[in-house]
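Take a look at the structure set out below.
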Amino acid sequence: MSTTVPAAAGEVREEVSRADGRPRDDRPRRMTDRARKERNLGWLLAGPAFFVMLAVTAYPIANAVWYSLFDFRLTDPDGRSFIGLGNYVTILTDGLFWRQFGVTAAITVVTVAVEFVLGFALALVMHRALYLRKSVRTAILVPYGIITVVSAYAWQYAFTPAYGFVNPLFGSDLNWFGDTLPSLFVICLSEIWKTTPFMSLLLLAGLAQIPSTYIEAAKVDGATAWQRFRKVIVPNMKGAIMVALLFRTLDAFRIFDNVFIMTQGANGTETLSFLAYRQTITRVMIGLGSGVSVILAIIVLLIAFLFIKGFKVNLAEQRGS
Amino acid sequence: MARRGAPGVATARRRRSSPARRRVALATALTLSGVVLAACGGGDTSGAPQLTWYLNNQAQQPLAEACNEQADGAYEIETSLLPNAAAGQREQLLRRLAAGDRTVDILSLDPPFMAEFANAEFLRPFTDEEREEFSEGVLDGPLEQAIYQDTMFSAPFYGNTQLLWYKKSVAEEAGLDPENEEVTWDQVIEAAEQTGTTVAVQGRRNESLMVWVNALVESAGGRILSEDSQGLPADEVDAVIDSEAGAEAARIMNTIATSSVAPPGLSTAGEEESRAAFQSENGGFMVNWPYVWKAFEAAEEAGVVPEGFRDDVAWTRYPQVIPGEASATPLGGIGLSVGAYSENPEAAVEAVRCLRSPESQKEYMLTAGDPGASEEIYDDPEIQEAFPMYEAIREGLTEAAPRPISAYYGDVTGAVQQGYHPPDELVPAVTPEFTAEFIEGVLSNDQML
């Protein structure tokens with residue numbers, strides 16, 4: 001993909017030597033002094049963070065995988081026994097897991113799709129705003145600054161039949177949290193309201209990267225606004241779109257707060273994170289809960305992999321390294 | 001460590017910084033090290049053993065202060081407030097104790113969770129003498145739920161029971177006389193139907209739903225777990241809710257939820273939503289804890305309900321399921337337990353003695369509205385005046401049916417809450433069987449919750 005980031009000096013030299021027509025593998029690749037120093041500096045700067053990350057993420061992950069092989073209840077430490085993949089069999093053969101997988105996937109698809117469309121529109125507004133640019137951006141970003149639990153409570157109160165304002169507003173007497181679909185509707189609404197700004201922020205970054213000359217050239221060529229959007233803007237911000245969709249999909253798939261506050265998982269609104277929470281924290285079944293968490297992590301990795309493959313965007317290449 | 005590190009920071013800065021900045025740096029370093037040291041220390045040097053009491057209600061705080069004064073240096077109770085909901089309280093205490101937290105000296109423990117804690121050896125059992133002392137004059141219900149496998153793990157502090165609250169005008173219109181004759185659920189439903197009023201119950205999927213299910217099943221002569229399940233390993237526990245009693249419970253719950261007597265939002269209604277439904281114009285009947293009496297008073301003062309609202313409100317014993325057979329009243333409350341990892345168990349027991357003394361119970365009942373566990377409280381004129389329903393409470397606490405006393409109560413209640421929810425979808429022929437299988441499936445780790 002075409003980018004405007006200048007290549008590093010070492011690379012320029014490599015390009016030049018290849019341009020000579022000599023096969024690249026002919027001579028032993030020696031690292032220049034500068035490259036070596038850069039590498040060392042890189043390690044010096046990022047190394048401590050890397051080891052901290054290992055300690056705070058790799059260790060707990062390995063620990064969770066290990067625990068998931070045990071039948072282990074926190075209130076019965078003596079009864080702990082190794083059962084191999086038994087927990088995974090329990091989880092994957094339990095209809096509950098698949099039902100909650102379905103609920104989670106539905107929430108993810110609906111919220112990310114709506115957020116993407118709304119987010120794109122808001123990004124365009126923020127990008128094009130001529131007046132009050134800062135105020136517009138701030139106003140759009142406000143919901144993202146609110147803690148999820150707080151916004152969940154706010155939406156819950158708004159929709160509660162006894163004292164919420166939504167029912168009187170529409171003259172209805174629906175118990176929003178009494179059934180699956182209305183509950184999921186409110187959960188999705190709250191989720192969309194809260195995270196659309198994040199989506200639009202990421203997309204705005206992509207919009208800002210498109211050189212205005214591209215759009216001007218398209219205009220000169222007689223492209224309509226829709227054609228410019230489809231043929232110039234979207235293809236040139238593919239990377240940003242992927243990042244925005246990927247981040248939000250991963251977030252949405254791990255949804256917990258809204259469900260926890262609004263329904264406590266009642267009426268078939270439980271999600272996979274909630275399932276992991278219930279097994280690990282409520283039931284203190286550390287083994288089973290770790291199993292659910294591991295499966296959740298694998299699904300998340302899979303989503304990330306599919307996105308990166310599906311969009312055919314190499315983020316590393318984009319950086320010009 | 002902090003002390004050694006701090007001057008080092010200051011020295012390093014000396015080379016470059018101005019004297020003013022140096023002073024600021026030094027002051028900051030000293031302050032920080034002070035904070036760190038204070039945080040590490042925690043201990044008091046005055047000699048009085050420090051006890052931490054994990055409260056489930058902020059209103060218990062003054063009791064700690066009063067006991068500290070009485071103790072005169074024998075101990076010093078600090079308090080720490082637990083989350084609002086019963087499930088949240090259990091989670092925090094469980095995780096602290098599983099990690100061997102030595103600061104958990106005294107716990108305000110919801111009785112259904114006691115067996116689970118005791119079985120995991122998280123609680124210090126009370127000795128025989130202590131048991132005798134803490135059982136003296138305690139009403140049957142609170143006492144029963146303080147004992148696990150013939151050992152007392154929780155000293156009864158206060159008990160709680162639900163009553164049937166009704167509007168006199170509504171009962172009269174329906175020709176019901178709950179004051180003089182026991183009523184059944186069916187009669188209550190019929191009366192509400194006739195008068196176009198509601199029956200407020202707790203249909204939300206949390207512990208209050210379990211309270212309702214248990215009371216209905218027990219009142220119908222059934223049980224959720226078999227009597228001899230108490231000491232058995234998880235996969236051998238016998239769920240016996242698949243019975244006629246279980247079906248009766250499902251029938252009554254479903255009838256309320258699907259008829260005109262269901263208040264709006266029944267499947268998400270907790271205690272407060274029930275109270276709001278009862279307070280509204282078409283409220284007729286409600287089952288709820290006695291705290292509502294004080295709440296009605298507050299609502300009157302705030303103008304939420306018309307003045308004189310309480311004149312029309314009356315109460316009676318929890319409704320029967322089988323006509324003529326006494327109801328098993330719901331039972332709640334709090335027991336005081338001593339943590340197994342406490343560094344001062346003797347002082348903690350001493351503190352429990354003070355915190356649950358009849359004087360403390362009375363004080364707490366008057367301020368928080370939660371009924372004391374000791375019988376003598378109810379003979380006190382001050383209590384009788386503040387709680388005109390004191391006799392119904394005492395009766396409720398005596399004839400109560402505790403929720404299943406099981407080391408796996410958390411799983412049992414979770415399974416029942418899923419099986420018996422939402423109330424409008426219960427099927428008497430299916431729900432009990434499904435629930436029984438679900439309880440056993442979850443306990444034997446074949447199914448998830």
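Quick note on labels: first sequence line is chain A, next is B, and so on, each numbered from 1.
- Contact of A:L96 with chain B is made through the side chain alone, with heavy-atom distances under 4.5 Å.
- No side-chain heavy atom of A:I187 sits less than 4.5 Å from a side-chain heavy atom of A:W155.
- For B:L97, no part lies near chain A; criterion is any non-hydrogen pair under 4.5 Å.
- With a 4.5 Å cut-off on non-hydrogen atoms, A:R278 touches chain B through its side chain but not through its backbone.
- Between A:F253 and A:F101, the angle of the ring planes goes over 60°, which puts this pair in the perpendicular group of the 30/60° scheme.
- Between chain A and the residues B:E121, B:E425, B:Q418, B:R204, the largest count of heavy-atom pairs under 4.5 Å involves B:Q418.
- In the model, A:S183 has no side-chain atom that pairs as donor or acceptor with a side-chain atom of A:T269 under 3.5 Å.
- In this structure, chain B has no heavy atom under 4.5 Å from any part of A:V89.
- Side-chain contact, B:S274 with B:N288: no donor N or O sits under 3.5 Å from an acceptor N or O.
- Relative to the ring axis of B:F278, B:K167 places its NZ or CZ within 45° and under 6.0 Å from the centre.
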Exercise for the section: Evaluate the side-chain contact (heavy atoms from CB on, under 4.5 Å) criterion for residues B:Y408 and A:T75: first the C-alpha distance (whole Å), next the side-chain angles of each, then the deciding distance (0.1 Å), finally the verdict. Expected result: CA-CA 9 Å; B:Y408 307 101; A:T75 50; 5.6 Å; no
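- Counting heavy atoms from C-beta outward, A:R73 and B:N445 have side chains that stay 4.5 Å or more apart.
- Between chain A and the residues B:T268, B:D411, B:D446, B:L266, the largest count of heavy-atom pairs under 4.5 Å involves B:D411.
- Here the straight-line distance linking atom CD of A:E38 with atom CG of A:L45 works out to 11.0 Å at 0.5 Å rounding.
- A donor-acceptor contact shorter than 3.5 Å is absent between the side chain of A:W176 and the backbone of A:T160.
- Interface summary for chain B: among A:N267, A:L74, A:T282, the most heavy-atom pairs under 4.5 angstrom belong to A:T282.
- Interface residue B:E273: only side-chain heavy atoms are found under 4.5 Å from chain A.
- The greatest number of non-hydrogen atom pairs below 4.5 Å with chain A, out of B:M448, B:R205, B:E91, is found for B:M448.
- Interface remark: of the candidates B:G410, B:G265, B:A407, B:A277, B:G265 forms the most heavy-atom pairs closer than 4.5 Å to chain A.
- Of the atoms belonging to B:F122, it is side-chain heavy atoms, and not backbone ones, that fall under 4.5 Å from chain A.
- Atom CG of residue A:D251 and atom OG1 of residue A:T148 lie 9.0 Å apart, to the nearest 0.5 angstrom.
- Residue B:Q417 does not touch chain A at all, counting heavy-atom pairs closer than 4.5 Å.
- Heavy atoms closer than 4.5 Å to chain B are found in the side chain of A:L288, but not in its backbone.
- When heavy atoms are compared at a cutoff of 4.5 Å, A:I91 approaches chain B by way of both its backbone and its side chain.
- With a 4.5 angstrom heavy-atom cutoff, A:N87 touches chain B only via side-chain atoms.
- In this structure, no portion of A:D173 lies under 4.5 Å from any heavy atom of chain B.
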